[in-house]
Number of protein chains: 2
Amino acid sequence: MTATPQPPTKAQLLELVAALGTAQWQDFAAAAARHGLTSVQAKLLAQLKGPVPMRGLATLLVCDASNVTGIVDRLESRGLVRREPDPRDRRVKNVVATDEGLETIQRVRAEMQATHSALDALDEEERTALYGLLERLRPGLERRG
Amino acid sequence: MTATPQPPTKAQLLELVAALGTAQWQDFAAAAARHGLTSVQAKLLAQLKGPVPMRGLATLLVCDASNVTGIVDRLESRGLVRREPDPRDRRVKNVVATDEGLETIQRVRAEMQATHSALDALDEEERTALYGLLERLRPGLERRG
DNA sequence: TATTGTTATACTCTATAACTATA
DNA sequence: TATAGTTATAGAGTATAACAATA
C-alpha cells in the first residue's frame with residue numbers, strides 16, 4: 001500500500017508550496033469578490049476578532065498606515081466595520097467589525113470551495129499529519145524577511 | 001518519540017493553510033520588490049518557461065486580458081521580456097523572457113528567505129511526506145471555483 | 001462572426017510626504 | 001519630540017466596454 005516515494009528536491013517543494021500559496025490566495029480573492037469585497041478588504045475584516053487600532057491593522061496587513069484609512073472608509077461606508085474612540089489614548093481609533101461584517105467574512109471563509117475540496121481529499125490521519133508539518137513551517141514563514 | 005497528536009478541526013487546518021498561503025505570498029512580494037518588481041510582474045515573469053501569448057498570460061494570472069498589456073509594457077520597457085509575432089496566427093503576440101528577465105526571476109525565487117527557512121525546519125523524510133500531502137491537495141486547489 | 005490584442009475609463013491598492021491632534 | 005490617524009499625490013493592478021486587425 002505504501003510505496004517509497006522519491007524525496008523531492010528543495011526546488012520542487014518550493015515550487016509546489018508557491019503554487020499552492022497562490023492558488024489558495026486566488027480562491028480567497030474569488031470568494032471575497034462574490035461578496036463585493038477586494039482581497040485586502042476581506043483580509044482586514046478577517047483580522048477583526050476584537051477592536052484593533054488603525055496602526056495595528058497596518059502591521060497585520062503589512063502595508064503603510066496611510067492605506068488603512070481608505071480601506072476602512074470603504075468598509076465603514078458599507079456598514080461592515082465601525083471606528084470607535086480608544087478610552088485610554090485619544091489619538092487612537094479602534095476598528096470593530098459590525099454583525100454584518102462578521103457574517104460576511106464568515107461566508108467568505110465558508111465559500112473557499114477550492115480550498116475546502118482540496119482538504120476533503122485527505123482523511124483524518126493525513127490531515128493530522130499535514131497540520132503537524134505545516135505547524136513546523138509556520139515559525140519560519142511568518143518571520144519577517 | 002511519536003506522541004499521538006489531536007486531530008485538528010477542519011476549520012483549524014483551513015485557517016493554517018490560509019495563514020501560510022498569505023505569508024508565502026507576502027514573502028514572494030517582498031522578494032520581488034527588492035528587484036523593483038510588483039507581485040504580478042514577478043508572477044508573470046515566473047510563467048515564462050517559453051513563449052506565451054498575451055491571452056494565455058491572462059488565463060495564467062487569472063485576470064482580464066486588457067490588464068496584461070500594461071504589465072507586459074512595463075516589463076518590456078525594463079528589458080525583462082519582449083513581444084514576438086506568432087508565425088501561425090498574425091493576431092497573436094508571444095511574450096518571451098529575456099536573459100535578464102530569466103536571471104531576475106531566478107534571483108527572486110532564491111531570495112524567498114522566509115519560505116526557504118521554513119522548509120529548512122524539516123528533514124528529508126518530513127519534506128517527502130509534506131510533498132506527498134501537498135500533491136494530493138493540488139488537484140482540488142487548482143480547480144477553478 | 002469570433003478571437004487577439006489594445007485603448008479608454010473608473011476604481012482600488014500602494015508608498016511617500018506633509019499635516020493635525022494628541023501624548 | 002514622538003506617535004496615531006489623515007490627506008494629497010502618483011504609480012500600478014483591476015474589470016468593463018469599445019475598437020482594429022485577423023481568423
Side-chain angles (χ1 to χ4, degrees), chain A residues 22 25-48 51-78 80-96 144, chain B residues 22 25-26 28-47 51-78 80-96 144:
Chain A
T22 299
W25 177 257
Q26 287 172 344
D27 190 31
F28 178 73
R34 273 176 238 126
H35 290 271
L37 295 172
T38 66
S39 320
V40 176
Q41 286 169 358
K43 213 60 176 175
L44 190 155
L45 213 41
Q47 308 295 336
L48 299 180
V52 183
M54 300 290 287
R55 210 76 187 181
L57 287 172
T59 302
L60 289 168
L61 297 179
V62 194
C63 74
D64 190 83
S66 64
N67 301 321
V68 179
T69 299
I71 300 168
V72 169
D73 280 351
R74 288 179 274 277
L75 287 171
E76 194 168 32
S77 73
R78 289 184 48 188
L80 301 178
V81 307
R82 58 175 185 276
R83 283 179 242 233
E84 295 182 344
D86 186 299
R88 303 197 229 177
D89 186 336
R90 287 195 295 174
R91 294 173 302 179
V92 173
K93 294 177 188 173
N94 290 308
V95 182
V96 185
R144 287 293 133 245
Chain B
T22 299
W25 177 257
Q26 286 172 344
F28 178 73
R34 275 176 236 125
H35 291 271
L37 296 172
T38 65
S39 321
V40 176
Q41 286 169 358
K43 212 63 177 172
L44 190 154
L45 212 42
Q47 308 294 335
V52 182
M54 301 289 286
R55 210 75 186 183
L57 287 172
T59 301
L60 289 167
L61 298 178
V62 193
C63 74
D64 190 85
S66 64
N67 302 318
V68 179
T69 300
I71 300 168
V72 169
D73 280 350
R74 288 180 273 277
L75 287 170
E76 193 169 34
S77 72
R78 289 183 49 187
L80 301 178
V81 306
R82 61 174 184 277
R83 280 179 242 232
E84 295 183 343
D86 186 301
R88 301 197 231 178
D89 186 337
R90 288 195 296 174
R91 293 173 302 179
V92 173
K93 294 178 188 173
N94 289 310
V95 182
V96 185
R144 288 292 132 245

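Values below: every heavy atom of this structure, side chains too, minus hydrogens, waters and symmetry copies. Residue numbering restarts at 1 for every chain, and letters A, B, ... go by the order of the sequence lines.
- Put simply, the side chain of A:Arg74 never gets that close to the backbone of A:Gln41: no donor and acceptor are under 3.5 Å apart.
- Distance B:Lys43 NZ to D:dT14 P: 12 Å, rounded to the nearest Å.
- Atom pair B:Arg78:CZ and D:dG11:C1' shows a separation of 14 Å (rounding to whole Å applied).
- Nucleic acid contact for A:Asp86: none, since no nucleic acid atom lies under 4.0 Å from a heavy atom of the residue.
- Judged by distance alone with a 3.5 Å cut-off, no donor-acceptor contact links the side chain of A:Arg90 to the base of C:dT22.
- Spacing between atom CG of A:Asp73 and atom P of C:dC11 amounts to 15 Å, rounded to whole angstrom units.
- Counting non-hydrogen atoms under 4.0 angstrom, B:Ser66 reaches a base of the nucleic acid.
- Side-chain contact between B:Met54 and B:Val72 is present, with heavy atoms from C-beta onward closer than 4.5 Å.
- Proximity of A:Leu44 to A:Leu60: side-chain heavy atoms (C-beta onward) are nowhere separated by under 4.5 Å.
- With distances taken from any side-chain atom of B:Asn67 to the nucleotides D:dG5, C:dT6, D:dT14, the minimum falls on D:dT14.
- Nearer to the 5' terminus of DNA chain D, by closest-nucleotide assignment, is the contact made by A:Gly70 (compared with the other of A:Gly70 and B:Asp64).
- Between B:Arg83 and A:Arg74, the residue anchored closer to the 5' end of DNA chain C is B:Arg83, taking for each the nucleotide with the nearest heavy atom.
- Where B:Thr69 and A:Arg91 each meet DNA chain C at their nearest nucleotide, the meeting point lying more 5' is that of B:Thr69.
- For the pair B:Lys93 NZ and D:dT22 C1', the computed distance is 12 Å after rounding to whole Å.
- Atom P of nucleotide C:dA21 and atom CZ of A:Arg88 are separated by 25 Å, given to the nearest angstrom.
- For the pair A:Leu61 CG and D:dG5 P, the computed distance is 13 Å after rounding to whole Å.
- Here the nucleotide nearest the side chain of B:Cys63, chosen from D:dG5, D:dA15, D:dA8, is D:dA15.
- For A:Ile71 and D:dT7, the CD1 to P distance is 14 Å, given to the nearest whole Å.
- Here B:Lys93 contributes atom NZ and B:Glu84 contributes atom CD; the two are 12.5 Å apart, rounded to the nearest 0.5 Å.
- In this structure, A:Asn94 atom CG and C:dT22 atom C1' are separated by 15 Å, rounded to whole Å.
- In this structure, CG in A:Asp73 is found 4.5 Å from CZ in A:Arg83, a value given to the nearest 0.5 Å.
- Contacts of A:Arg55 with the nucleic acid, taken as non-hydrogen atoms under 4.0 Å apart, include base atoms.
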